[in-house]
Number of protein chains: 2
Amino acid sequence: MPDSAIRPRKEFGKTIAADITHRLREEIIACALPPGEPLRFDVLRERFGASFTTLREALTALAAEGLVDAQEQRGFRVAPVSRQDLIEITDARVLVEVELIRRSIQRGDDDWEIAVISTLHRLKRIEQRDPEHPLRDPEWKIAHRQFHQALVSACGSATLLAIRAELFDRAERYRHLSANFRPRPRDKAGEHQAIMQAAISRNADLAVQLIETHIRSTADNVATYAAHLLDTE
Amino acid sequence: MPDSAIRPRKEFGKTIAADITHRLREEIIACALPPGEPLRFDVLRERFGASFTTLREALTALAAEGLVDAQEQRGFRVAPVSRQDLIEITDARVLVEVELIRRSIQRGDDDWEIAVISTLHRLKRIEQRDPEHPLRDPEWKIAHRQFHQALVSACGSATLLAIRAELFDRAERYRHLSANFRPRPRDKAGEHQAIMQAAISRNADLAVQLIETHIRSTADNVATYAAHLLDTE
DNA sequence: CTAGACCATATTTTCGAAAATCATACCGTT
DNA sequence: AACGGTATGATTTTCGAAAATATGGTCTAG
């Protein structure tokens, strides 16, 4: 029996507000709600079936995450994109992720190694099964997120992990932005494999270098293929 | 004519929700609302004169900043404190602030130098005038915040500045926590002066080292004098 | 023809009542 | 006495109406 049979309203989290926050976040990251799009209450009300104030709570939370732009007395809109913002997010990600990889490699135990290996394995399975544009596949997105999450999960700082997760989401939105115009994805599978091996063999310097390249080349890709969307701001 | 004559409701920001977010943030940082304190709506309603939903919006925003703990279906409370949390905030601050100081020293122009010098000057003036417990003085708090803000203001990344500001607020709460038990403040004035000089003379390595010591010794102080508040968790 | 004031409409923001949920005390049963 | 279920009160969460504010267009004066 599919549990969708008993799905009255809420799916993620117990409150409607938390659920809508989650759904809105996903739609913004996937660019189903395009950057700069005004978020008017009557439209959202129809789309999500919630009241003004519940929607307002969700939008306020997303504004704090940097995915929504709150313009006082003039409503909300999806956070706009810009080349500068992409650069800042990339730099911040490198700064944080490099530190967390180092800490994880130093502190990671058996469970951490297992998590890294198994999340990569699942990611590769999904890529085999369906070797085309991966960002269109929700399962690939989840598996990709979980692999990168696993890599840093042993760092020991919930504070830095939360910051990292926020930056990851904001970067993922930019990847979606360029996904429709990118001719063919480069060899991410190979990069992920190499990162995993460096991490498991506790070669921190190599892992750090690979991660930085991974993040920066992804951003370069976005800047190239979404250039027409970044310069019109 | 003082503009307080025409202050019907709002003070900071144009919406009541933004105003209440600001006021709640200040009270939490100052530990006027102590860590772990339940934030019940009828109490807040009386204290701030706003409705349920407006308060809810403010609390949701503060939860995203890490100052409030949202327990789904069971309300909100002031974020609890712990030794582990203090360590994480301190480490994260060092990571970010060190990077931002470097960038600011490299990129800062004349206006940056002027901002650093003038904010420190104001801070010293306030300290002369009233040499006792500085955290009790709202003016000192603002001046202190502005000096540290000025130091990193030329870094060129609004993204990292926002992260830094959040961590600064969370750290300031811990400083307030121990302020009542600390016998006498150490020589912060001298430290600030040395940091300013290193920054202005573009000695990045020295400035970075001084900032790191500044942050860590402050945290050590908190851990010492607020120990009884951190271990009971 | 332009600038500014004014009105009408669209949209956001706020409110308190009502619904949903949780915590507690009570009661009956074993 | 211990346990489990249930009623009751306390608290949070959600809703749509009402108030506040912005937007866009029209008219008038210069």
Side-chain angles (χ1 to χ4, degrees), chain A residues 3 6-25 27-28 33-34 36-65 67-80, chain B residues 3 5-25 27-28 33-65 67-80:
Chain A
D3 70 357
I6 41 163
R7 189 192 291 167
R9 315 199 59 163
K10 307 166 189 177
E11 196 166 357
F12 300 97
K14 289 193 209 144
T15 67
I16 294 180
D19 179 37
I20 294 199
T21 304
H22 181 95
R23 286 165 58 194
L24 260 171
R25 185 189 294 116
E27 297 210 4
I28 291 172
L33 292 168
E37 177 97 340
L39 296 166
R40 295 223 184 75
F41 281 100
D42 32 9
V43 178
L44 296 176
R45 210 137 160 281
E46 183 151 6
R47 200 189 234 260
F48 292 98
S51 71
F52 296 106
T53 38
T54 305
L55 287 166
R56 190 152 235 285
E57 187 184 329
L59 290 171
T60 303
L62 292 171
E65 293 179 26
L67 289 173
V68 158
D69 186 21
Q71 306 164 286
E72 298 209 328
Q73 304 286 23
R74 303 201 292 128
F76 298 82
R77 57 174 179 165
V78 179
Chain B
D3 69 0
I6 41 163
R7 190 193 291 166
R9 317 197 58 162
K10 306 166 188 176
E11 194 165 359
F12 300 97
K14 289 192 208 145
T15 67
I16 294 179
D19 179 37
I20 294 196
T21 304
H22 182 95
R23 287 164 58 194
L24 259 171
R25 185 189 295 115
E27 297 210 4
I28 291 173
L33 292 168
E37 176 97 340
L39 296 165
R40 296 226 183 74
F41 281 100
D42 34 8
V43 178
L44 296 176
R45 208 136 162 281
E46 181 150 9
R47 200 188 233 261
F48 292 98
S51 71
F52 295 106
T53 40
T54 305
L55 287 165
R56 190 152 235 283
E57 188 184 328
L59 291 171
T60 303
L62 293 171
E65 292 178 27
L67 289 173
V68 158
D69 186 19
Q71 306 165 286
E72 297 209 328
Q73 305 285 24
R74 303 203 290 128
F76 298 82
R77 58 174 179 165
V78 179

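Chain letters run A, B, ... following the sequence lines, proteins first, then strands; residues in each count from 1.
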Length of the line joining [X]:[atom1] and [N]:[atom2], which is rounded to integer Å:
| X | N | atom1 | atom2 | value |
| --- | --- | --- | --- | --- |
| B:Lys14 | D:dA22 | NZ | P | 6 Å |
| A:Ile16 | C:dA19 | CD1 | P | 14 Å |
| A:Arg40 | D:dT23 | CZ | P | 10 Å |
| A:Phe76 | C:dT11 | CZ | C1' | 13 Å |
| A:Arg45 | D:dC15 | CZ | P | 9 Å |
| A:Phe48 | D:dC15 | CZ | C1' | 18 Å |
| B:Leu44 | C:dG16 | CG | P | 15 Å |
| B:Arg77 | D:dT11 | CZ | P | 17 Å |

So what does B:Phe52 touch, heavy atoms closer than 4.0 Å: a base, only the sugar-phosphate, or nothing?
-> base
Hey, does A:Thr53 reach any base, or is it just sugar-phosphate, or nothing, if we go heavy atoms under 4.0 Å?
-> base
Tell me, do A:Asp69 and A:Pro80 make a side-chain contact under 4.5 Å, heavy atoms counted?
-> yes
Given [options], which nucleotide is nearest the side-chain atoms of [X]?
| X | options | value |
| --- | --- | --- |
| B:Ser51 | C:dG16, D:dA22, D:dG16 | C:dG16 |
| B:Ala17 | C:dT14, D:dT21, C:dC22 | C:dT14 |
| A:Arg74 | D:dT12, D:dT14, D:dT23 | D:dT23 |
| B:Arg56 | C:dG16, C:dT14, D:dT14 | D:dT14 |
| B:Thr54 | C:dT12, C:dT14, D:dT13 | C:dT14 |

Does NZ or CZ of B:Arg45 fall inside the cone over B:Phe52's six-membered ring, less than 6.0 Å from its centre and within 45° of the axis?
-> yes
Identify all side-chain donor-acceptor contacts of residues 53-64 of chain A below 3.5 Å with residues at least two apart in sequence or on another chain.
| unit_1 | atom_1 | unit_2 | atom_2 | d |
| --- | --- | --- | --- | --- |
| A:Thr53 | OG1 | A:Ser51 | OG | 3.4 |
| A:Thr54 | OG1 | A:Ser51 | OG | 3.3 |
| A:Arg56 | NH1 | B:Glu57 | OE1 | 2.7 |
| A:Arg56 | NH1 | B:Glu57 | OE2 | 2.7 |
| A:Glu57 | OE1 | B:Arg56 | NH1 | 2.7 |
| A:Glu57 | OE2 | B:Arg56 | NH1 | 2.8 |
| A:Glu57 | OE2 | B:Thr60 | OG1 | 3.2 |
| A:Thr60 | OG1 | A:Arg56 | O | 2.8 |
| A:Thr60 | OG1 | B:Glu57 | OE2 | 3.2 |

Salt bridge between B:Glu46 and B:Arg40, side-chain N to carboxylate O under 4.0 Å?
-> no
Before accepting this row, confirm whether a basic side-chain N of the pair A:Glu37/A:Arg77 lies closer than 4.0 Å to the acidic partner's carboxylate O.
-> no
